[in-house]
Amino acid sequence: MGVDPAERVGFIGLGVMGQPMALNLARAGTPLTVWNRTPARCEPLRAAGAEVAAGPAEVFRRARVVFLMLANGPAIDSVLGRGAPEFAANVSGRVTVHMGTTSPEYSRGLEAEIHAAGGAYAEAPVSGSRGPAEEGRLVAMLAGDPAAVAATRPLLPPMCHETHPCGPVPNALLMKLSVNIFLITMVTGLAESFHFAARHGLDERRLLDVLDAGPMASTVSRAKGGKLLARDFGVQASIANVLDNNRLIAEAARASGVASPLLDVCHALYRETLALGHGRSDMAAVLHALESRTSLTGP
């Protein structure tokens, strides 16, 4: 016998973050139906017991709550069939949960259209990169009407060790952008610290030890400090993704008249890192932009 659709959960988008998140749901025993544009990304989910759908519409037919972990608004619109007749058929009577990062205004508009089509909608963006996603240690920010939040929140623990309610849409995305300001500026500052130490002939291992022993130590400083020490830029959160997040924050800041001077400097550095060919590298690769500036201005 199959699982009642009222109990089944859908997950669309099995990228760097989505695949480990969905795997944690499947391994926790969640009846899961998944789909990804690149079919090979579904195979670990199939091995973990999830159903693999032939397309997004099949996920929506089989599930009551559908998580979307997709790169941007156009990807979400394509999966939902937004602007086409199938949109209402997909979302009506279901809870669509947007877990990626888009502009707050995009999310507000999507909620309105889903409600008009007879569906429910929640935002649940997460804080954390690939490592915490694999460990089920992400932090969720949850927003939406009470019914959508009530349907979504019990499903998050296999993916997220904490969930913080943020009120109505788009407050969860605004909270995520606020968190990302600190993340982006912190990692950029850490890379600059390593660059400064290296150019003065200091022991970078000792720098990391000093940081670990003091009040600035964090899981981020340890993870990114380790990558900077080893010059390991294997992706956890890519330069291209961070640059896109930076752009979203800058647009939201400009729209509300909020100054963001530190973020503006970071935006320039990540844009330079992308231009140097490191778009698919981890955000710690912003070190390359700092090194490039030094080579242009140094003696």
Side-chain angles (χ1 to χ4, degrees), residues 15-17 69-76 98-108 123 125-130 132 139 141 170-199 216 218-221 223-225 227-228 231-298:
V16 170
M17 295 288 288
M69 191 60 177
L70 297 163
N72 50 41
I76 294 170
H98 171 24
M99 299 195 79
T101 306
T102 60
S103 75
E105 284 308 307
Y106 170 86
S107 186
R108 196 197 306 271
E123 298 172 339
V126 294
S127 179
S129 58
R130 183 174 181 172
V139 176
M141 292 145 278
N171 282 3
L173 275 166
L174 286 168
M175 186 67 75
K176 172 67 185 295
L177 297 183
S178 301
V179 168
N180 279 359
I181 292 173
F182 184 42
L183 173 65
I184 293 169
T185 55
M186 177 171 56
V187 173
T188 307
L190 183 65
E192 189 167 326
S193 294
F194 269 79
H195 180 55
F196 181 89
R199 290 302 169 124
M216 292 173 289
S218 69
T219 54
V220 172
S221 70
K224 300 305 182 186
K227 294 180 81 63
L228 289 162
R231 295 187 72 87
D232 164 23
F233 302 120
V235 68
Q236 293 176 324
S238 74
I239 290 289
N241 178 254
V242 172
L243 185 59
D244 191 50
N245 273 262
N246 201 312
R247 176 187 58 79
L248 291 173
I249 300 165
E251 289 173 356
R254 300 297 170 267
S256 56
V258 173
S260 56
L262 291 178
L263 194 76
D264 295 342
V265 171
C266 292
H267 197 176
L269 287 166
Y270 283 92
R271 189 169 57 240
E272 291 166 26
T273 310
L274 183 72
L276 289 167
H278 302 291
R280 294 186 178 181
S281 299
D282 187 74
M283 65 186 299
V286 71
L287 178 67
H288 291 300
L290 297 165
E291 292 174 339
S292 178
R293 286 196 182 191
T294 293
S295 68
L296 292 173
T297 61

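This one's a predicted model, so the numbers in the text were calculated from it and none came from an experiment.
A search for side chain to side chain contact (heavy atoms under 4.5 Å, CB included) contacts involving Leu174 returns Pro104, Pro170, Asn171, not counting sequence neighbours. Arg199 meets the salt bridge (charged side-chain N to carboxylate O under 4.0 Å, His left out) test with no other residue; sequence neighbours excluded. Listed by chain and number, the residues in a side chain to side chain contact (heavy atoms under 4.5 Å, CB included) with Ala197 are Leu202, Leu207 (sequence neighbours excluded). When the ring-ring contact (aromatic ring centres under 6.0 Å, His included) test is applied to Phe182, no partner is found at least two apart in sequence or on another chain. When the salt bridge (charged side-chain N to carboxylate O under 4.0 Å, His left out) test is applied to Glu192, no partner is found at least two apart in sequence or on another chain. The side chain to side chain contact (heavy atoms under 4.5 Å, CB included) check on Glu251 picks up Arg247, Leu248, with sequence neighbours excluded. Contacts of Thr102 classified as side-chain hydrogen bond (donor to acceptor under 3.5 Å, both in side chains), with partners at least two apart in sequence or in another chain: His98. For Asp282, the side-chain hydrogen bond (donor to acceptor under 3.5 Å, both in side chains) criterion is met by Lys224, not counting sequence neighbours. The side chain to side chain contact (heavy atoms under 4.5 Å, CB included) test applied to Ala255 returns no partner, not counting sequence neighbours.
Pairs of residues two or more places apart, or lying in two chains, that qualify as salt bridge (Lys or Arg N to Asp or Glu O under 4.0 Å) and include a residue from residues 267-281 are Glu272-Arg293. Evaluation of the ring-ring contact (aromatic ring centres under 6.0 Å, His included) test over residues 263-294, restricted to residues two or more places apart or in two chains, returns Phe233-His288, His278-His288. Sequence neighbours left out, not one pair with a member in residues 173-184 passes salt bridge (Lys or Arg N to Asp or Glu O under 4.0 Å).
When all heavy atoms of Leu177 and Ala252 are compared, the closest pair comes out as CD1-CB, 4.2 Å. In plain terms, the two heavy atoms of Leu274 and Ala240 that are nearest each other are CD1-CB, 4.3 Å. Of all non-hydrogen atoms in Asn241 and Ser238, the two that sit nearest each other are N-OG, 3.0 Å. When all heavy atoms of Ile184 and Cys266 are compared, the pair lying nearest together is CG2-CB, 3.8 Å. Smallest separation of non-hydrogen atoms from Pro125 and Gly100: CB-O, 3.7 Å. When all heavy atoms of Ser127 and Val179 are compared, the closest pair comes out as OG-CG1, 3.7 Å.
Using a distance-only test at 3.5 Å, with no hydrogens or angles considered, no donor-acceptor pair links the side chain of Asn180 to the main chain of Leu183.
The structure places OG1 of Thr185 at 6.0 Å from CG of Leu262, a figure rounded to the nearest 0.5 Å. Taking CG of Leu290 as the reference point, atom CG of Leu269 lies at 5.5 Å (rounded to 0.5 Å). Note: Ile239 CD1 to Thr273 OG1 = 4.5 Å, rounded to the nearest 0.5 Å.
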- prompt: Is there a side-chain contact (heavy atoms from CB on, under 4.5 Å) between Tyr106 and Leu173 once you walk through the steps?
  reply: CA-CA 10 Å; Tyr106 170 86; Leu173 275 166; over 6 Å; no
- prompt: What's the verdict on side-chain contact (heavy atoms from CB on, under 4.5 Å) for Met141 and Glu123, showing C-alpha distance, side-chain angles and the deciding distance?
  reply: CA-CA 8 Å; Met141 292 145 278; Glu123 298 172 339; over 6 Å; no
message: Set out, in order, the CA-CA distance, both residues' side-chain angles and the distance that settles side-chain contact (heavy atoms from CB on, under 4.5 Å) for Met99 and Met17, then state yes or no.
response: CA-CA 10 Å; Met99 299 195 79; Met17 295 288 288; over 6 Å; no
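At least one side-chain heavy atom of Arg254 sits under 4.5 Å from a side-chain heavy atom of Ser260.
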